[in-house]
Amino acid sequence: HLVCWPWPLSELFSFFAYRWEEERYTDGVKWKFLEHKGPVFAPPYEPLSSKVKFYYDGKLLKLSPKAEEVATFFAKMLDHEYTTKGIFRKNFFKDWRKEMTSEEKALITDLNKCNFTEMAEYFKAQSEARKQMTKEEKQKIKEENERTLQEYGFCIMDNHKERIANFRIEPPGLFRGRGDHPKMGMLKRRIQPEDIIINCSKDSKVPEPPAGHKWKEVRHDNKVTWLVSWTENIQGSIKYIMLNPSSRIKGEKDWQKYETARSLKKCVDRIRNQYKEDWKSKEMKIRQRAVALYFIDKLALRAGNEKEEGETADTVGCCSLRVEHIKLHPELDGQEFVVEFDFLGKDSIRYYNKVPVEKRVFKNLQLFMENKQPEDDLFDRLTTLILNKHLQELMDGLTAKVFRTYNASITLQQQLKELTNPEENVPAKILSYNRANRAVAILCNHQRAPPKTFEKSMQNLQAKIDAKKDQLTDARRELKSAKADAKVRKDEKSKKIEEQLMKLEVQATDREENKQIALGTSKLNYLDPRISVAWCKKWGVPIEKIYNKTQREKFAWAIDMADKDYEF
DNA sequence: TCTGTAACTTAGTATCATAGGG
DNA sequence: CCCTATGATACTAAGTTACAGA
């Protein structure tokens with residue numbers, strides 16, 4: 001029979017014990033049996049009704065189906081700011097023209113003369129209509145989605161029925177990278193079965209391609225975890241369909257990641273002493289490596305691989321920092337040796353920080369910057385490969401990103417110890433948890449755009465608080481004037497209101513502090529879940545207050561494993 | 001040993017679903 | 001009961017690291 005996550009503790013342990021002891025999977029074998037139904041393709045394009053008009057240079061023009069499809073991609077984005085950006089428009093227009101007939105190509109030579117407004121309005125009306133659907137219509141769609149999920153959303157890997165993460169092929173559309181992306185606006189082409197590589201086991205039932213089509217390839221590679229792959233046309237990179245985080249294969253990997261971070265804990269002092277020594281090395285290469293590692297450790301910076309210029313947005317990590325990204329202040333606001341960082345990191349999120357450093361680090365940075373232009377590499381003798389090779393020698397499995405995991409998790413554990421007040425009630429404890437989580441998010445620079453409705457929602461909450469305060473005043477007045485026999489009842493009532501007020505105030509504080517901070521990323525990717533589970537058990541906070549259903553599924557292994565005394 | 005590519009994790013945001021207040 | 005604010009989920013881009021092959 002098929003066993004789904006979350007499985008019982010005994011089974012989890014016996015499974016892993018079996019794996020390690022019997023070495024069931026050696027040499028990178030990831031599974032023995034894999035069967036699935038293949039991907040779900042994007043729905044085919046439905047040509048617009050002729051009532052929806054497109055105008056070129058003020059004149060009505062019926063586009064060929066291919067050109068029309070691409071035009072609708074642009075029309076759907078019309079009220080986004082980026083359709084006004086030069087690069088977006090240039091890339092879009094170039095790719096759109098490739099889809100045109102020769103007649104269209106000859107006629108349509110200027111994007112500024114294209115009028116997409118009727119198309120845009122048509123799609124807006126469509127989405128309005130979708131919102132206005134009756135309950136029954138919505139229910140029907142929901143059931144349809146559920147059927148698709150049941151058919152395509154699961155696979156069998158070894159003895160488990162597992163949820164697939166992304167079983168739908170990405171639909172065609174216009175590419176919008178993050179930040180200043182040189183390829184924004186390019187056409188992301190439609191993926192056909194002929195583009196798809198299927199991966200499954202030899203003894204499984206191979207998924208059928210859609211009628212009249214063939215797969216590009218069917219392979220049986222059990223050294224990888226993906227079920228389906230295709231090559232995307234913007235960067236030429238490979239996209240994969242893989243399993244959900246709740247799956248055995250992902251959970252096991254996640255666990256392993258935190259175990260590696262815990263082994264760093266055991267030797268981090270030695271490594272820190274070593275890189276401090278290396279600041280004095282006579283070899284420039286070693287000094288650069290040591291200063292970079294110090295940044296990675298202290299500031300939780302990413303490794304910073306080299307990137308191909310012009311292919312992606314101009315972002316950097318530690319090893320790819322340029323001279324222009326830091327400023328040295330021998331003295332700033334009463335502090336000595338301050339380094340001011342200002343650069344765009346992953347997803348073009350700005351990293352801005354002023355950090356006092358050891359004198360020796362400061363002097364080294366001055367040295368690295370000597371006779372360089374702003375656009376030159378700060379660490380010109382260093383790459384992530386060199387750094388990771390060095391780290392591998394210091395500890396088995398150590399790479400630059402382990403420091404982020406380690407520092408995030410250890411920070412959570414410390415902060416929880418510091419901030420949790422045993423006397424406080426559950427909502428206050430949860431505020432402490434969120435504050436500990438927040439300290440990590442700040443360390444890892446996990447930012448978000450303040451929600452559009454932020455101000456309004458704060459006002460609403462404040463109004464609720466004010467109303468509750470009035471209610472409390474009334475209740476207390478009633479209590480005072482109440483007769484002896486009603487006193488107890490009235491007192492309970494004010495107590496209840498007090499508690500509600502306190503809850504609201506905690507909520508307001510939490511929300512305010514969280515305005516531009518995203519907690520989700522660290523919670524999902526950096527914090528050893530066993531720390532949180534242990535904290536919940538220790539303080540009697542229900543785990544549901546910390547992890548929602550999906551998160552509990554992802555961290556099922558940790559929920560089973562950790563007791564209240566777990567130490568990262 | 002170097003380089004390019006494959007594999008897999010990490011990331012923010014758009015969209016969807018639903019709980020809870022009016 | 002309906003509506004909307006909010007949390008959950010879907011989506012897919014953008015990183016890191018492992019690894020194959022020249």
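Chain identifiers are assigned alphabetically (A, B, ...) following the order of the sequence lines, protein sequences preceding nucleic acid strands; residue numbering begins at 1 within each chain. Because the structure is a prediction, the values reported are computed rather than measured.
Between the CD atom of A:Glu308 and the C1' atom of C:dA13 there is a distance of 17 Å, rounded to whole Å. As rounded to whole Å, 11 Å separates atom C1' of C:dC11 from atom CH2 of A:Trp230. Across the protein-nucleic acid pair, A:Glu170 atom CD and C:dC11 atom P stand 10 Å apart, rounded to whole Å. Here the C1' atom of nucleotide C:dG15 and the CZ atom of A:Phe343 are 13 Å apart, to the nearest Å. Regarding A:Arg178, its CZ atom lies at a distance of 8 Å from the P atom of C:dA13, rounded to whole Å. Rounded to whole Å, the distance from NZ on A:Lys389 to P on C:dA18 is 11 Å. Remark: P of C:dC11 and NZ of A:Lys188 are 11 Å apart, rounded to the nearest angstrom. Taking atom CG on A:Asn233 and atom P on C:dT12, their separation rounds to 13 Å, with Å as the unit.
If you check every strand for non-hydrogen atoms under 4.0 Å, A:Gln447 touches sugar and phosphate atoms only. At the heavy-atom level, A:Gly317 lies nowhere under 4.0 Å from the strands shown. Residue contacts shown for A:Asp347 are limited to sugar-phosphate atoms, with no base heavy atom under 4.0 Å away. Nucleic acid contact for A:Pro245: none, since no nucleic acid atom lies under 4.0 Å from a heavy atom of the residue. Contacts of A:Gly520 with the nucleic acid, taken as non-hydrogen atoms under 4.0 Å apart, are absent. Residue contacts for A:Leu385: at a heavy-atom cut-off of 4.0 Å it reaches a base atom on one of the strands shown. Residue contacts shown for A:Thr312 are absent, as no nucleic acid heavy atom lies under 4.0 Å away. Backbone-only contact: A:Ala400 has heavy atoms under 4.0 Å from sugar-phosphate atoms and none from a base. Across all strands shown, A:Ser237 has no heavy atoms under 4.0 Å from either base or sugar-phosphate atoms. Residue-level contact check: A:Arg130 touches neither bases nor backbone, having no heavy atom under 4.0 Å from any strand.
Checking A:His181 against A:Arg176 by side-chain atom types alone, no donor-acceptor pair falls below 3.5 Å. At a cut-off of 3.5 Å, with distance as the only test, a side-chain donor of A:Lys307 or A:Thr315 sits close to an acceptor on the other residue. For the residue pair A:Asp254 / A:Gln256, no side-chain donor-acceptor distance below 3.5 Å is found, with atom types taken as modelled.
The structure places CH2 of A:Trp215 at 11.0 Å from CG of A:Asp195, a figure rounded to the nearest 0.5 Å. Separation of atoms NZ (A:Lys554) and CG (A:Leu524) is listed at 4.5 Å; rounding is to 0.5 Å.
The phosphate of C:dA13 (OP1 or OP2) has a side-chain N or O of A:Lys239 nearer than 4.0 angstrom. At C:dA14, none of the side-chain N or O atoms of A:Ser348 fall inside 4.0 Å of OP1 or OP2 (strictly under the cut-off). For C:dT17, the OP1/OP2 oxygens have a side-chain nitrogen or oxygen of A:Asn388 closer than 4.0 Å.
With DNA chain B read from its 5' end, the first of the two nearest nucleotides for A:Tyr240 and A:Lys346 is the one closest to A:Tyr240. Where A:Ser229 and A:Asn145 meet DNA chain B, the nucleotide closest to each residue was compared, and A:Ser229 sits on the side nearer the 5' end. When the nearest nucleotides of DNA chain C are assigned to A:Asn548 and A:Gly397 by heavy-atom distance, the more 5′-ward of the two goes with A:Asn548. Both A:Ala313 and A:Lys549 lie near DNA chain C, and the one whose nearest nucleotide falls closer to the 5' end is A:Lys549.
Salt bridge absent: A:Glu553 and A:Arg163 never bring a charged side-chain N and a carboxylate O closer than 4.0 Å. A salt bridge links A:Glu259 with A:Arg262; the closest basic N to acidic carboxylate O contact falls under 4.0 Å.
Annotation for A:Glu308: atom CD does not count as buried by contact number, only 12 or fewer foreign heavy atoms lying within 6.0 Å.
The footprint of chain A on DNA chain B, defined by a heavy-atom cutoff below 4.0 Å, extends from B:dT3 to B:dT18.
Aromatic ring centres of A:Tyr526 and A:His446 lie closer together than 6.0 Å.
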